[in-house]
Amino acid sequence: MKKVRVDLQKNSYEIRIGSGLLPQVGPWLKETGLSGRAVIITDTTVRGLYAGALSQGLTQAGFNVTVLEIPPGEEQKTLETAGRLYEKLTSIYAERTTPIIALGGGVIGDLAGFVAATYMRGVPLVQVPTTLLAQVDSSIGGKTAVDHGRYKNMIGAFYQPRMVVADVDTLKTLPDVEFANGMAEAIKMAAIMSKDLFNYIGNNIEKARALDVSVLEEIISANAHLKAKVVSKDEKEADFRAILNFGHTVGHAVEAVSAFGLKHGQAVAIGMIAEAKISNRVGRMKESDVIRLREVINKAGLPTDIPALDIGEVMTAMRHDKKVTGNKIRFVLLNAIGDAYITDGVNPALVEEVLTGYG
Ligand code: ADP
Ligand code: ZN
């Protein structure tokens, strides 16, 4: 098992990454001084696979466990679903000290995290991410939210978990496309912050896809460590944290214009290639680095070519992104693999050119 500490003064916590960890969540939670009732929030798919092992460990540690489940899917990330969960929490007399354990992918992490942040002004939260995306990215950093209308993550709060437990065994049942989705964020993290991690991923991607435990532990913990570094420096967004948006300026736009026909990670993969090309065109990133990035993204089973989308619409979507300030589109570009910078000085005509001449 590997441990990564997220240093946020009194909100500090530990991320534990390894094999066979689900049954240990109960004893660990007990060690933090909690007892009594514990609530697992999960989706129907994940419940069938993993709620048993988690809940058994909790019961053995003396907790009185309630499992609340919702159907899988982003459509569930709403205030209405949160409302139903509050209703259930009150009906079982959940208290201020009742921990909520979010067992599932990013949707469950965001939604259960939001419920934990708001129910009785906040109850203890434990994240138990079961997708690679959630293990490397969304379970770390304390962002919780639900969607509102057409807007993703519109209503939310920063709320830190007491603990994050990433059991790599859960990835065995994850569909390939979901695995690749998570790998996109891992590659992104490496591309902006660590050439070593990037090379490690590049050299071990087949092993990772074959679910080699030590390779997964290494990739997830290195990612968690880097993300922890970013979020401890800058708990509430602002400047430094924005480098995590590499691949996301174009990625979000492509994702939106595809009417979410592309998975987030697929859109980010396409976005990373476009933004690497832009980095090259403005005289920063070497061509050979762009090629290497494309190679690794490809080996991860992710798309690198822009799908047949209306480039005009993609440009419009980019201008309407909530991260746009004034008229300028903000980009995270690369000087080299492992070295990112933020700029709003990119000429939109260049962006359009790169997107049009894509592939
Ligand atoms: P993401 O982390 O990509 O945001 P979601 O929460 O949307 O993920 O989950 C994606 C899908 O994968 C959901 O249908 C969820 O039920 C399913 N899922 C989550 N974890 C696992 C797992 N370990 N094995 C199989 N399916 C899983
Ligand atoms: Zn992302």
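These numbers come from a predicted model, not from an experiment. We number each residue from 1, following the sequence as shown. All ligand and atom numbering here is 1-based and tracks the order in the structure.
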Counting non-hydrogen protein atoms only, what is the nearest one to [atom]? Give residue, atom name and distance.
atom	value
atom 25 (C) of ligand 1	Thr173 O, 3.2 Å
atom 27 (C) of ligand 1	Leu174 CD1, 3.8 Å
atom 15 (C) of ligand 1	Asp43 OD2, 3.3 Å

What do you reckon, are the aromatic ring centroids of His252 and His320 less than 6.0 Å apart?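 No; His320 has its ring centre 6.0 Å or more from that of His252.
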
Under 4.0 Å from a heavy atom of [X]: give me the atoms of ligand 1 that qualify, with their elements.
X	answer
Asn181	3 (O)
Leu133	1 (P), 2 (O), 3 (O), 4 (O)
Pro72	14 (O), 16 (O)
Thr131	1 (P), 2 (O), 8 (O), 19 (C), 20 (N)
Leu49	24 (N), 25 (C)

Any side-chain donor paired with an acceptor under 3.5 Å for [X] and [Y]?
X	Y	answer
Thr98	Arg37	no
Glu255	His248	no
Tyr50	Thr42	no
Thr66	Asn64	no

Lys/Arg N to Asp/Glu carboxylate O, Glu74 vs Lys77, below 4.0 Å: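 A salt bridge links Glu74 with Lys77.
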
Compute the angle centred on the Zn ion (ligand 2) spanning NE2 of His248 and OE2 of Glu185, and express it rounded to 10 degrees.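 The NE2/OE2 angle about the Zn ion (ligand 2) sits at 110°.
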
Answer yes or no: does atom NZ of Lys207 have more than 12 heavy-atom neighbours from other residues, nucleotides or ligands under 6.0 Å?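 Not buried by this count: 12 neighbours or fewer within 6.0 Å.
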
Counting only heavy atoms not in Asp310, do more than 12 fall under 6.0 Å of its CG?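 Counting other residues, nucleotides and ligands, CG of Asp310 exceeds 12 neighbours.
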
Look only at the side chain of Asp147 and the backbone of Asn153, and say whether a donor-acceptor pair between them is shorter than 3.5 Å.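 Yes, the answer is positive, given that a donor and an acceptor are paired below the 3.5 Å cut-off.
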
Using heavy-atom distances only, which candidate in Glu74, Gln135, Glu178 approaches atom 10 (C) of ligand 1 most closely?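 Result: the heavy atom closest to atom 10 (C) of ligand 1 is in Glu178.
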
Is there any N or O on [X] that sits under 3.5 Å from an N or O of ligand 1?
X	result
Val107	yes
Ser138	no
Gly106	yes
Tyr50	no

Trace of the side chain to side chain donor-acceptor pair (under 3.5 Å) decision for Tyr200 with Ser194: CA-CA 10 Å; Tyr200 184 85; Ser194 167; over 6 Å; no

Return a yes/no value: protein heavy atom under 4.0 Å from atom 19 (C) of ligand 1?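 It does; a protein heavy atom is within 4.0 Å.
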
